[in-house]
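Reviewing the structure listed below.
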Amino acid sequence: MPGCFKKTLFALASLISFVSFILIAVAMGIPKWMTGKILCKTGADLVNATDPELVKFIGEIYYGLFRGGKIRQCGLGGRRSKFTIFPHMVKKLNTGLHVMIIMFLCVAIFFSLVSFGFCILNAIKVPYRAINGPAGACLWNFLAGGFVVLAVTSFMAAVKLHHLTERIANFRENIFRFVILEERFEDCFWICVASATAHAVNLLLIAISGIHFPKIKTKTEEVNVTAEDIMY
């Protein structure tokens, strides 16, 4: 049976792994990975809008991995619309990269659950095989965190290098052209960053569980027995 200190560390690690699983699942379902401000360039150019008038042509956009929405401002008031990435819009994006982001997160969810199971196992007993012990728990946490990092990095590449926001903003816009004034990574993106950080914390906890702290020995007083003590 593992010691009390080791049990506590692995119980905490299992809780963190389960929280990471929840965080990734929630992040994938909520369309708040990116928000931004979009300028209706065509409308502004038509009326030669100056700085004070540009407010009438600045709308908003938000999106996640599967859906999103935008407010078009082309001089005649805001028009709200919602969209889905699959199956139509993905053809206009970098399909391979977008699918890879989703696959990375799905694999991270799987490894988070495996990590949860291994940490529970190590909290209950000492496994006979090394791969089922702390080494295995480290491996699954490393893989889970690594795939989350790959997903986050890929999403940043899609936004910054492949102009993801601009492509989404101009999807099926035949008359007006939109340019991006501002982009902000939102809650779901940072939730995934927090998930990767959680697995890094787990690696630290597992490493600490392997440290053998010296036992504190207490001195016992030597009892001197004399002949007089024996008589009495």
Side-chain angles (χ1 to χ4, degrees), residues 10-36 61-69 82-123 131-165 167-168 171 183-206:
F10 275 104
L12 181 59
S14 65
L15 176 63
I16 292 174
S17 293
F18 186 74
V19 169
S20 173
F21 158 73
I22 297 295
L23 289 177
I24 300 171
V26 169
M28 289 184 69
I30 298 177
K32 279 289 183 178
W33 280 65
M34 178 68 68
T35 60
I61 188 170
Y62 68 90
Y63 61 90
L65 298 179
F66 299 99
R67 64 187 189 278
K82 293 184 179 180
F83 54 81
T84 55
I85 305 294
F86 295 94
H88 306 292
M89 188 178 290
V90 74
K91 298 176 183 178
K92 297 293 183 180
L93 311 179
N94 189 321
T95 308
L97 186 58
H98 198 81
V99 172
M100 278 175 58
I101 295 169
I102 297 171
M103 288 181 62
F104 285 152
L105 291 176
C106 289
V107 174
I109 284 178
F110 171 75
F111 283 132
S112 294
L113 288 176
V114 174
S115 168
F116 169 72
F118 269 66
C119 289
I120 288 289
L121 175 66
N122 281 268
I131 190 61
N132 293 338
C138 279
L139 174 63
W140 305 125
N141 274 284
F142 177 78
L143 289 174
F147 275 103
V148 175
V149 170
L150 285 174
V152 168
T153 306
S154 299
F155 185 77
M156 291 177 66
V159 172
K160 300 299 181 182
L161 301 179
H162 295 274
H163 309 291
L164 181 62
T165 309
R167 293 189 182 196
I168 292 177
F171 178 70
E183 289 177 314
R184 295 185 305 276
F185 291 104
E186 287 296 336
D187 296 343
C188 292
F189 175 86
W190 297 114
I191 283 174
C192 287
V193 174
S195 172
T197 306
H199 287 290
V201 171
N202 266 1
L203 290 175
L204 180 61
L205 291 177
I206 295 169

Phe110 CZ: over 12 foreign heavy atoms closer than 6.0 Å = no

Rounded distance [0.5 Å steps], OG1 in Thr35 versus CG in Asp187 = 9.0 Å

Which heavy-atom pair separates Ala137 from Phe118 by the least distance, and what is that distance?
-> N-CD2, 4.1 Å

Determine whether more than 12 heavy atoms belonging to other residues, nucleotides or ligands lie under 6.0 Å from atom CZ of Phe142.
-> no

Pairwise distance CE(Met156) to CG(Leu164) - rounded to 0.5 angstrom | 13.0 Å

With rounding to the nearest 0.5 Å, note down the distance linking CZ in Phe83 to OH in Tyr63.
-> 8.5 Å

When every non-hydrogen atom of Cys138 is compared with those of Ile206, the smallest separation belongs to SG-CG2, 3.3 Å

Quick one: closest heavy-atom pair of Phe147 and Ala108, and the distance?
-> CB-CB, 4.0 Å

Hey, is the main chain of Leu150 close enough, under 3.5 Å, to the side chain of Thr153 for a donor-acceptor pair?
-> no

Rounded to the nearest 0.5 Å, what's the gap from CG on Leu139 to CG on Leu203? Could you check?
-> 10.0 Å

Sequence neighbours left out, what passes ring pair (Phe, Tyr, Trp, His ring centres under 6.0 Å) with Phe10? Give chain and number order.
-> none

Close side-chain approach of Val152 to Phe189, heavy-atom, < 4.5 Å | yes

Measure the OG-CG distance between Ser14 and Asn122 for me, rounded to the nearest 0.5 Å.
-> 10.0 Å

Hey, is the main chain of Trp140 close enough, under 3.5 Å, to the side chain of Ser115 for a donor-acceptor pair?
-> no

Atom CD1 of Ile101 and atom CG of Leu105: how far apart are they, to the nearest 0.5 Å?
-> 8.0 Å

Is the backbone N or O of Leu65 less than 3.5 Å from a side-chain atom of His98, with the two atoms forming a donor-acceptor pair by type?
-> yes

Within a strict 4.5 Å, meaning less than it, do heavy atoms of the Glu186 and Tyr62 side chains meet?
-> no

Closest heavy-atom pair, Phe104 versus Ser154, reported as atoms and distance to 0.1 Å, is CE1-OG, 3.7 Å

Can you see which heavy atom on Gly145 is nearest to which on Ala196, and at what distance?
-> O-CB, 4.1 Å

Side chain to side chain, Leu93 and Phe171, heavy atoms closer than 4.5 Å = no

Kindly list each side-chain donor-acceptor pair under 3.5 angstrom involving residues 21-34, sequence neighbours excluded, with atom names and distances?
| unit_1 | atom_1 | unit_2 | atom_2 | d |
| --- | --- | --- | --- | --- |
| Trp33 | NE1 | Ala27 | O | 2.8 |

Assess the side chains of Ser195 and Ser20: does a donor N or O sit below 3.5 Å from an acceptor N or O?
-> yes

Looking at side-chain heavy atoms only, is the closest gap between Leu143 and Val114 below 4.5 Å?
-> no

Exercise: identify the closest heavy-atom pair between Arg167 and Asn94 = NH1-N, 3.7 Å

